[in-house]
Colleague: 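Below is the structure I would like to discuss, written out as structure tokens.
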Amino acid sequence: MAAVNRFRRLVPMLLLVSAVTACGGGVRDYIADTYALQNTAGDAKTYTSKDPVGTTVSNIVAEEQPAARKADGGSEYLRYDDDIVTVSAGPGGGSLVRVEDIDGRYRSGGFAYLGPGFNPGSPAGGASGSGGSGSAK
């Protein structure tokens, strides 16, 4: 009987651990764990990376593939399901990584100039959503 009671207490804990480890933290958590927080403004956070733009973007994309990607004017834009990540040149040869919720400027068309994949309501995948060559070093 004692073994059954222990099992009943153990099952919810195992399910919780299972759920936590099965769910990835997402790109926002990866960036927060990898780069130094510089600034927070509303739901947008800016981090610093010691690496140049191309290397920083490669590291982020290796962790989680974006739904759309575009290089423009030395910056790289990565669109994820819930976030827009902008990586641009920072002071001293490093880069700045800005993460903002997709409900902000994205929904109002702030990234529409980047083309397919960045227009509000545009498809998340496919050839039209991949845009750009990938590296803006």
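Being a predicted model, the structure only gives us computed values, none of them experimental. Computed from heavy atoms alone, side chains included, the values below leave out hydrogens, waters and symmetry copies.
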Colleague: Side-chain contact test, heavy atoms from C-beta onward, threshold under 4.5 Å: evaluate it for L78 versus I84 and give yes or no.
Modeller: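 Contact flag for L78/I84 side chains = no.
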
Colleague: Hey, does V61 have a side-chain heavy atom less than 4.5 Å from the side chain of R69?
Modeller: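 A side-chain contact under 4.5 Å exists here.
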
Colleague: Would you say that D101 contacts R28 through its side chain, given a criterion of any heavy-atom pair below 4.5 Å between the two side chains?
Modeller: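 Side chain of D101 against side chain of R28, heavy atoms only: contact under 4.5 Å found.
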
Colleague: Would you say that T34 contacts N59 through its side chain, given a criterion of any heavy-atom pair below 4.5 Å between the two side chains?
Modeller: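 A side-chain contact under 4.5 Å is absent here.
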
Colleague: Taking atom CD1 of I31 and atom CZ of R98, what is their separation to the nearest 0.5 Å?
Modeller: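 With rounding to 0.5 Å, CD1 (I31) is 12.5 Å from CZ (R98).
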
Colleague: Roughly how far apart are D43 CG and D82 CG, rounded to 0.5 Å?
Modeller: 11.0 Å

Colleague: Applying salt bridge (charged side-chain N to carboxylate O under 4.0 Å, His left out) as the test, list every pair that has at least one member in residues 46-59; sequence neighbours left out.
Modeller: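 For residues 46-59: none.
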
Colleague: For E76 and A71, indicate whether the former's side chain and the latter's backbone hold a donor-acceptor pair under 3.5 Å.
Modeller: no

Colleague: Say whether, by atom type as modelled, one donor and one acceptor occur between the side chain of Y80 and the main chain of Q65 under 3.5 angstrom.
Modeller: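 Pair absent, no side-chain N/O of Y80 close to backbone of Q65.
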
Colleague: Hey, does Y77 have a side-chain heavy atom less than 4.5 Å from the side chain of V85?
Modeller: no

Colleague: Among all residues two or more places apart in sequence or in another chain, which pass the side chain to side chain donor-acceptor pair (under 3.5 Å) test with S49?
Modeller: T56

Colleague: Report the residue from I60, L96, V99 that forms a side-chain contact (heavy atoms from CB on, under 4.5 Å) with Y35.
Modeller: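 With Y35 as partner, side-chain contact (heavy atoms from CB on, under 4.5 Å) holds for just one option, I60.
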
Colleague: Residues two or more places apart in sequence or in another chain: which of them pass side chain to side chain contact (heavy atoms under 4.5 Å, CB included) with N39?
Modeller: T46

